[in-house]
Amino acid sequence: MPEVSTAAASMTKPSAARHPLAWVPTLYLAQGLPFYAVALIAGLMFKSMGVPNEQIARWTGLLGFAWVFKALWSPFLEVARSKKRAVVSFQLLGGAGLASVALALQLPGWFALCIALLAVVSLASATHDIAADGLYIASLSAKQQAAYAGWQGAFFNAAKFLSLGGLVILAGYLEGRIGTAPAWTVVFGLLGAVLAGLALYHALALPGTLTVRSAQTDSLRSIAATLLDVIRAFFAKKGIWLGIVFIILFRASEGQIQTIGPLFLRDARAVGGLGLSTAEVGAVYGTAGTVAFLVGSIAGGYFTSWLGLKRAMPWLILAMNLPNLVFWYLSAAQPESLPLIATALGVEMFGYGFGFVGIILFIMQVIASGPYQTAHYALGSGFMQLGFVLFKMVSGDIQQALGYRHFFLWVLACAVPVLVLTRFVRLSPENNE
């Protein structure tokens, strides 16, 4: 499959085929681990150490801009000799950054050091994503991309629940025994070790797709020209501006619920939260939440492969957003039963997993169709992250202004515009129309 147009003078050369299930799940687990370490796990750590909600949302939101702007350096990876080598290298760098966060927690000025190191992790992870997505696109046919999108989405987000589950349970257990900072030192040390271990596995398991290049593709001038051509071609696509609005709004509810939801579970009942401990938050996300999300993601991928993206999209949006009603219910009823809370979050997680497939395939098959697939996927996923970051950054201030109960109603209302846009946005590649 060509990865870039003849203007860039490069093409991919696949190696002997490996079954996608040997590497797709672990590749996207490795993509998700540093992302959720920055976006969610760091937030829970800061919460345990007394940082206010609005500062948590603002700083972790700012760190997310690495994923927004990653497309600006994607042409450099278009001409990389081996995407496999790039994937492994940036996984190792991300693992080293997470381990460094663990050490920084023991030093004076820990907050500023953690933010700086998490910025390094963010940049390494965002760059890794370009290479990983390019490897996925280059190695699989369009039908395979749809069929395995559920596995892709499932294991990207499984990183969230493995972290929020096992590692947060561990953090809660250790907080009461060795103290807050040492507990989170262990957690981030383990995150770094797991990512490094995945890098070693991928050095053996990933397909070794090579990029065959002409001499012109090696110069900085050629790379700059490629970047301009990538951007020009991207914004020349039919209906691209409406597509960008659709991408940004698709994540409006998710960006807010995924930021404030865990903090709501931790906050005291006197201020509208559920008053759960760190370990209890890990338990509810790591049990019913994990299983429900994985089942929902895989089912969503096969559902979309069967029905087609255009007919499936409204159902995917509804599946992703209607279960957010459970957060409103939890804020209104404030149940004390942990099994009931876990069941409610399981419903929400199933819908979230089922619907998340929609935005992945929209970017992959509609926005990134045509030449420059890897770079255009990076641009599209950058706008996807922009939607997540923008709404994440303001979510803390909105929650403080509205309170938890009205905040969750606001989140539900944020899903209406993107549902309306399904009537107008292009949901198939240009050459299919």
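Remember, it's a predicted structure, so these values are computed and weren't measured experimentally.
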Between His376 and Ser369 (side chain of the first, backbone of the second, donor and acceptor by atom type, cut-off under 3.5 Å), is there such a pair?
no
Please verify the inter-ring angle class for Phe235 with Phe383; under 30° counts as parallel, over 60° as perpendicular, anything in between as tilted.
perpendicular
Show your working on side-chain contact (heavy atoms from CB on, under 4.5 Å) between Ile367 and Ile240 and close with a plain yes or no.
CA-CA 8 Å; Ile367 297 299; Ile240 188 62; 3.9 Å; yes
Any sub-3.5 Å donor-acceptor pair from Ser125's side-chain atoms to Val121's backbone N or O?
no
Side-chain heavy atoms of Gln91 within contact of Val87, under 4.5 Å:
yes
When rounded to the nearest 0.5 angstrom, what is the spacing between CE in Met393 and OG1 in Thr60?
9.0 Å
Is there any side chain to side chain donor-acceptor pair (under 3.5 Å) pair reaching into residues 401-424, and which pairs are they, with sequence neighbours excluded?
Asn53-Tyr404, Gln256-Trp410, Asp267-Tyr404
Roughly how far apart are Leu40 CG and Ile56 CD1, rounded to 0.5 Å?
11.0 Å
Donor-acceptor pair, side chain of Lys392 and main chain of Ala39, under 3.5 angstrom
yes
May I have the step-by-step check of side-chain contact (heavy atoms from CB on, under 4.5 Å) for Phe388 and Trp67, ending in yes or no?
CA-CA 10 Å; Phe388 187 88; Trp67 286 274; over 6 Å; no
Could you note down all residue pairs passing side chain to side chain donor-acceptor pair (under 3.5 Å) where residues 20-29 supplies at least one of them, sequence neighbours left out?
Thr26-His202, Tyr28-Asp133, Tyr28-Gln152
Measuring centre to centre across the rings, with the benzene-like ring taken for any Trp, is Phe327 within less than 6.0 Å of Phe407?
no
Checking the side chain of Arg266 only, and the main-chain atoms of Val281 only, is there a donor and an acceptor separated by less than 3.5 Å?
no
Less than 4.5 Å apart, side chain to side chain, heavy atoms only: is that true for Leu190 and Leu170?
yes
Could you go step by step and tell me if Thr278 and Trp184 meet the side-chain contact (heavy atoms from CB on, under 4.5 Å) rule?
CA-CA 11 Å; Thr278 301; Trp184 289 99; 4.1 Å; yes
Using the ring of each side chain (for Trp, its six-membered ring), is Phe354 parallel, tilted or perpendicular to Phe303, with breaks at 30° and 60°?
tilted
Greater than 12 external heavy atoms within 6.0 Å of Lys310's NZ:
no
How long is the gap from CG on Leu123 to CZ on Phe65, to the nearest 0.5 Å?
13.0 Å
Do the non-hydrogen side-chain atoms of Leu419 and Leu318 ever get within less than 4.5 Å of each other?
yes
Ignoring hydrogens and angles, tell me if any N or O in the side chain of Thr185 forms a donor-acceptor pair with the backbone of Ala102 under 3.5 Å.
yes
Is there a donor-acceptor pair under 3.5 Å between the side chain of Ser253 and the backbone N or O of Val411?
yes
Hey, could you give me the CG/OG distance between Leu390 and Ser395, rounded to the nearest 0.5 Å?
11.0 Å
Using 0.5 Å steps for rounding, measure from the CD1 atom of Ile317 to the CG atom of Asn321.
7.5 Å
For the pair Ser305 (side chain) and Gly301 (backbone), establish whether a donor and an acceptor sit closer than 3.5 Å, ignoring hydrogens and angles.
no
Would you call the rings of Phe356 and Tyr352 parallel, tilted or perpendicular, where under 30° means parallel and over 60° means perpendicular?
perpendicular
Nearest-0.5 Å distance that lies between atom CG in Leu135 and atom CD1 in Ile130:
13.5 Å
Phe408 ring center near Phe264 ring center (under 6.0 Å)
yes
Quick one, Phe155 and Leu27 - any side-chain contact, counting heavy atoms below 4.5 Å?
no
Check whether any side-chain heavy atom of Ser163 sits under 4.5 Å from a side-chain heavy atom of Leu33, and report yes or no.
yes
